[in-house]
Amino acid sequence: IYIPLYLAKTLGLKDKDIVYIKIFQNNGIREKYSSINVRKRGKKIEYMCIIGKDLAKKRIRFTIERKNSDFTQSKSFIDLSDFLNKTNFAMTQDSNLIVFSRKLPITINPEIKLSDIALYLGAYYSDGTKKGNNWAISASTFDQANFYLETHRSLVKNSEIEFTVSYTDTKNEDENIVIKNLKNIWIKNVGNYPYKFKIRKPLGKIFTKCAKYGTLTIREHRIGLLDFYNYLLENLIEEIMKNNNKLLAIDFLCGILEGDGSVAAKKRGHIEIATNSHEYKNITNILNVLEIKHKIIKYGDNNYSIRIGALEILRNFEILKDKIFSLYPKRKRMLFDRLQTVGAVKFLIGKHEPASWVKTWLKKNGFVDSNYELTKKGLKLRKDLKTCIKSVAPTSRVAEAWRYNPRIFKGRNIK
């Protein structure tokens, strides 16, 4: 739309100013934020803005209001000033920020606390796109999908999400039936969204690593979101490193484990993080802040694995137990199943007399006294281990299966 000159002068409009427009039509009122484009042709000057191609050649009435970029950041929340200084932004009617950068605008929540998003940003760090032409994050479980959606929508207020489920068909079933079943189960557990489906056939043994119900990719085709998320990531990592913030570090680490973490082979209790040459240094720095010992293994030029041993998990069990694989029930079950094969764990839960070097380790870390009796710290670790092991017991697996697909248990009493 072209803004009449008298109105542009009255409002004091300039190039790149942001305006709030109310559009009145027979079927109601629409609201729109747009950026003013000033064009000069000789002595003539034109003020225009875009309100949507769906209104082309239609007769409308509208009101227009210039929005200012006066914004005072509260010290209780993340400082967004460095991010906003590179953009054109304004306050919206509901106290969010409309940000014009790159092509399409984004509306963001200015009241963000790092403590609320550290775990989510860890998952994004491992399973999100940080370069390219669109923003995305992938979820392998329903819990992950719900958590990622909820957190993303708390950060970005005008979400325009595309939902794609990628699934590897290991049984060579009819594709239409596969899609129908997948659609029903994702709708039931995540929400009724316009899902797209990508059905693949397994290549070699790749199917052994496939998620049971596929992987959901949550995507938005706005480059500005990449800038925003990368800024949040940089801010979080800087805060952890600069202030040695262990609370943020453990959340960030457990978020990374949700995406790139894995549990060791049977009869071993360690965990691994698969990463690359660009990101492994940040992860090792986070582990150093937490004083968690680890081993770095390099595979080729760009592939790295960071291994955290079973004894290190036990030594840091107090900070790990509630958050490790909290959104990935299968991995959590595997971890606690395999920890039970570790000598120190067998001793702590009363099932095994450990080797002398294990006793020495338990004593050194304050879990047993000089007589190798459990200390208060050791009793606390035993209680926590038993609670976690019980939480992933076989009965819980049945309940989990019932939760995701109750029809297969029709007529059975599930506890």
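A quick note: this is a predicted structure, and the numbers were derived from the prediction, not measured. Heavy atoms only: backbone and side chains are in, while hydrogens, waters and symmetry mates are out.
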Inset, instruction - Indicate yes or no: does Glu279 engage Lys130 in a salt bridge with an N to O separation below 4.0 Å. - result: yes
Legend entry - Tyr125/Ile283 under side-chain contact (heavy atoms from CB on, under 4.5 Å): CA gap, chis, key distance, verdict: CA-CA 10 Å; Tyr125 189 76; Ile283 299 174; 4.0 Å; yes
Inset, instruction - Verify the neighbour count for atom CD1 of Ile50: are there more than 12 heavy atoms of other residues, nucleotides or ligands below 6.0 Å? - result: no
Legend entry - Main-chain N/O of Cys49 paired to Ser35 side chain as donor or acceptor, under 3.5 Å: no
Legend entry - Contact check, side chains of Val190 and Leu149, non-hydrogen atoms, under 4.5 Å: yes
Inset, instruction - Anything under 30° is parallel, anything over 60° is perpendicular, the rest tilted; go ahead and classify Phe142 against Trp186. - result: perpendicular
Legend entry - Nearest heavy-atom neighbours spanning Ser126 and Gly259: OG-CA, 3.4 Å
Inset, instruction - Please check if any side-chain donor atom of Asp143 sits under 3.5 Å from a side-chain acceptor atom of Thr141, or the reverse. - result: no
Inset, instruction - Specify the closest pair of heavy atoms between Asn158 and Pro105, including all atoms of both residues, with the distance to one decimal. - result: ND2-O, 3.9 Å
Inset, instruction - Return the orientation label for the Tyr193 and Phe163 ring planes: parallel under 30°, perpendicular over 60°, tilted otherwise. - result: parallel
Inset, instruction - Flag this pair as yes if the NZ/CZ of Lys67 is under 6.0 angstrom from the six-membered ring centre of Tyr33 and inside a 45 degree cone about the axis; otherwise no. - result: no
Inset, instruction - Can you see which heavy atom on Gln144 is nearest to which on Tyr328, and at what distance? - result: NE2-CD1, 3.4 Å
Inset, instruction - Go through the side-chain N and O atoms of Asn96 and Thr107 and say whether any donor and acceptor fall under 3.5 Å apart. - result: no
Legend entry - Tyr229-His152 side chain donor-acceptor pair, cut-off 3.5 Å: yes
Inset, instruction - Give a yes or no on whether Glu291 atom CD has more than 12 heavy-atom contacts from other residues, nucleotides or ligands under 6.0 Å away. - result: no
Inset, instruction - Indicate yes or no for a side-chain donor-acceptor contact from Thr215 to the backbone of Ser140 under 3.5 Å, with no hydrogens or angles considered. - result: no
Legend entry - Lys NZ or Arg CZ of Lys183 over Tyr195 ring: under 6.0 Å, within 45°: no
Legend entry - Within-4.5 Å side-chain heavy-atom neighbours: Ile18 and Asn88: yes
Inset, instruction - Check step by step if side-chain contact (heavy atoms from CB on, under 4.5 Å) holds for Arg338 and Met334. - result: CA-CA 6 Å; Arg338 291 169 189 181; Met334 290 171 63; 3.3 Å; yes
Inset, instruction - Calculate, to the nearest 0.5 Å, the distance between atoms OG1 and CD1 belonging to Thr275 and Ile256 respectively. - result: 8.0 Å
Inset, instruction - Taking Gln25 for its side chain and Lys58 for its backbone only, find out whether a donor-acceptor pair lies under 3.5 Å. - result: no
Inset, instruction - Could you tell me whether the side chain of Leu327 reaches within less than 4.5 Å of the side chain of Phe325, counting heavy atoms only? - result: no
Legend entry - Exercise: identify the closest heavy-atom pair between Leu216 and Ala145: CD2-CB, 3.9 Å
Inset, instruction - Could you please spell out the steps behind the side-chain contact (heavy atoms from CB on, under 4.5 Å) verdict for Asn181 and Tyr213? - result: CA-CA 9 Å; Asn181 291 337; Tyr213 301 111; over 6 Å; no
Inset, instruction - Taking the side chain as every heavy atom from C-beta outward, state whether Met48 and Ile3 have any atom pair closer than 4.5 Å. - result: no
Legend entry - Lys/Arg N to Asp/Glu carboxylate O, Arg30 vs Asp54, below 4.0 Å: yes
Inset, instruction - May I ask you to check whether Phe228 and Phe83 place their ring centres under 6.0 Å from each other? - result: yes
Legend entry - Exceeds 12 heavy-atom contacts within 6.0 angstrom, atom NZ of Lys9: no
Inset, instruction - Please identify each residue that fulfils ring-ring contact (aromatic ring centres under 6.0 Å, His included) with Phe89, with sequence neighbours left out. - result: none
Legend entry - Qualifying residue, where the test is salt bridge (charged side-chain N to carboxylate O under 4.0 Å, His left out) with Glu272 and the options are Lys295, Arg307, Arg331: Arg307
Inset, instruction - Supply the atom-to-atom distance Leu335 CG to Ser262 OG, rounded to the nearest 0.5 angstrom. - result: 10.5 Å
Inset, instruction - Please report the closest heavy-atom contact between Tyr120 and Leu155, naming both atoms and the distance. - result: CE2-CD1, 3.9 Å
Inset, instruction - Measure the shortest side-chain to side-chain distance between Asn245 and Val289 over non-hydrogen atoms and say whether it is less than 4.5 angstrom. - result: no
Legend entry - Distance flag, aromatic centroids of Tyr2 and Tyr47, threshold under 6.0 Å: no
Legend entry - Residues, nucleotides or ligands: over 12 heavy atoms within 6.0 Å of Asn133 CG: no
Legend entry - Partners meeting salt bridge (Lys or Arg N to Asp or Glu O under 4.0 Å) with Lys196 (sequence neighbours left out): Glu162
Legend entry - Heavy-atom donor-acceptor pair, Asp251 side chain to Leu248 backbone, under 3.5 Å: no
Legend entry - Least distance between heavy atoms, Asp169 atom then Lys201 atom: OD2-NZ, 2.9 Å
Inset, instruction - Using only heavy-atom distances, determine whether the side chains of Ser138 and Thr217 contain a donor-acceptor pair under 3.5 Å. - result: yes
Inset, instruction - Would you indicate whether Lys180, at its atom NZ, is surrounded by more than 12 heavy atoms from other residues, nucleotides or ligands within a distance under 6.0 Å? - result: no
Legend entry - Over 12 foreign heavy atoms within 6.0 Å of NZ, Lys16: no
Inset, instruction - Before accepting this row, confirm whether a basic side-chain N of the pair Arg222/Glu220 lies closer than 4.0 Å to the acidic partner's carboxylate O. - result: yes
Legend entry - Near-ring test Trp361/Phe367, centroid separation under 6.0 angstrom: yes
Legend entry - Partners passing side chain to side chain donor-acceptor pair (under 3.5 Å) against Arg200 (at least two apart in sequence or in another chain): none
